[in-house]
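Here's the structure we're looking at; comments come further down.
We use all heavy atoms of the structure for the numbers below, so side chains are in, but hydrogens, waters and symmetry mates are not. Residue indices begin at 1 and follow the sequence shown.
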Amino acid sequence: MDVGQMQRQWIDYTKSLFLEGFLDGQFLQLQQLQDENNPDFVVEVVSLFFEDSERLLKDLTFAIDQNGVDFKKVDAHVHQLKGSSSSIGAQRVKNCCIAFRNFCEEQNTDACLRCLQQVKQEYCLVKNKLETLFRLEQQIVAAGGSIPTELSFSG
């Protein structure tokens with residue numbers, strides 16, 4: 001596959017992440033902060049998001065599995081996850097966290113457990129999608145190309 005084909009594939013794949021609701025405009029803003037002085041900026045920020053999310057999901061699982069759930073603690077973890085997912089534009093994870101927080105407020109253990117599973121699933125999906133995107137970027141750069149900087153959503 002030549003560089004032009006890889007770049008088109010990257011553009012199509014990136015567009016699909018927005019059209020399917022995995023990412024929102026915050027991710028585009030993150031990409032705009034990346035330049036030749038800091039070419040790995042997005043990968044580094046997203047990697048921190050992955051590390052943070054894995055820890056928060058583990059803490060959430062532990063907090064919900066306790067007898068007598070501490071909903072304030074659960075809500076604090078969900079609030080953190082919502083903030084970090086929002087900061088990288090992981091829209092579907094953020095939206096799950098919003099619903100999750102409402103169930104924490106209602107102290108609805110069953111609904112919180114369902115939300116936890118949904119948040120874990122959305123997190124795994126967005127993680128896999130972003131890892132695929134980053135692999136495509138590495139292939140483009142390895143082939144001597146550059147990552148397209150303009151995404152047009154028309155057509």
Answer yes if [X] and [Y] sit in the same cluster of Ile, Leu, Val, Met, Phe, Trp and Tyr residues linked by side chain heavy atoms under 4.5 Å apart, and no otherwise.
X     : Y      : answer
Ile98 : Tyr123 : no
Phe49 : Leu33  : yes
Val43 : Val141 : yes
Leu28 : Val46  : yes

Between Asp59 and Lys73, is there a side-chain N and carboxylate O pair less than 4.0 Å apart?
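No salt bridge links Asp59 with Lys73.
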Under 4.0 Å between a Lys/Arg side-chain N and an Asp/Glu carboxylate O for Arg55 and Asp52?
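Yes, this pair counts.
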Heavy-atom pair of closest approach, residues [X] and [Y]:
X      : Y      : value
Ile140 : Ser146 : CG2-O, 3.6 Å
Asp24  : Gln91  : CB-OE1, 3.4 Å
Val69  : Ile64  : CG2-O, 3.5 Å
Glu122 : Phe22  : OE1-CE2, 4.1 Å
Leu133 : Trp10  : CD1-NE1, 3.2 Å
Cys96  : Val119 : CB-CG2, 3.4 Å

Side chain of [X], backbone of [Y]: donor and acceptor closer than 3.5 Å?
X     : Y     : result
Arg92 : Glu20 : yes
Gln34 : Val42 : yes
Gln66 : Phe62 : yes

Would you check, one step at a time, whether the test side-chain contact (heavy atoms from CB on, under 4.5 Å) holds for Phe103 with Thr109?
CA-CA 8 Å; Phe103 291 125; Thr109 305; over 6 Å; no
Find the distance between [atom1] ([X]) and [atom2] ([Y]) and round it off to the nearest 0.5 Å.
X      : Y      : atom1 : atom2 : result
Glu137 : Thr132 : CD    : OG1   : 11.5 Å
Asp12  : Leu19  : CG    : CG    : 10.0 Å
Ile88  : Gln31  : CD1   : CD    : 11.0 Å
Leu57  : Leu116 : CG    : CG    : 7.0 Å
Ile147 : Met6   : CD1   : CE    : 9.5 Å
Ser87  : Phe27  : OG    : CZ    : 11.5 Å

More than 12 foreign heavy atoms under 6.0 Å from CD of Glu105: is that the case here?
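No.
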For the OH atom on Tyr13, are there more than 12 heavy atoms of other groups (residues, nucleotides or ligands in this structure) within a distance under 6.0 Å?
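Check passes, neighbour count above 12.
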For Lys127 and Ser53, does a side-chain donor sit closer than 3.5 Å to a side-chain acceptor?
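Their side chains do not contain a donor-acceptor pair, so the 3.5 Å distance test is not met.
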State, with a plain yes or no, whether a side-chain heavy atom of Phe100 is found less than 4.5 Å away from one of Gln118.
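The answer is no, as the side chains (C-beta and beyond) never meet within the 4.5 Å cut-off.
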With a 4.5 Å limit on heavy-atom distance, are the side chains of Leu81 and Lys94 in contact?
no
Are Ser16 and Lys129 close enough, and set up right, to give a side-chain hydrogen bond (donor to acceptor under 3.5 Å, both in side chains), and what steps lead you there?
CA-CA 10 Å; Ser16 77; Lys129 301 276 185 188; over 6 Å; no
Using side-chain contact (heavy atoms from CB on, under 4.5 Å), reason through Asp35 and Phe41 one step at a time and then give a plain yes or no.
CA-CA 8 Å; Asp35 58 24; Phe41 179 74; over 6 Å; no
Apply the test side-chain contact (heavy atoms from CB on, under 4.5 Å) to residues Leu23 and Val126: give CA-CA distance (whole Å), side-chain angles for both, the deciding distance (0.1 Å), then the verdict.
CA-CA 8 Å; Leu23 299 176; Val126 80; 4.2 Å; yes
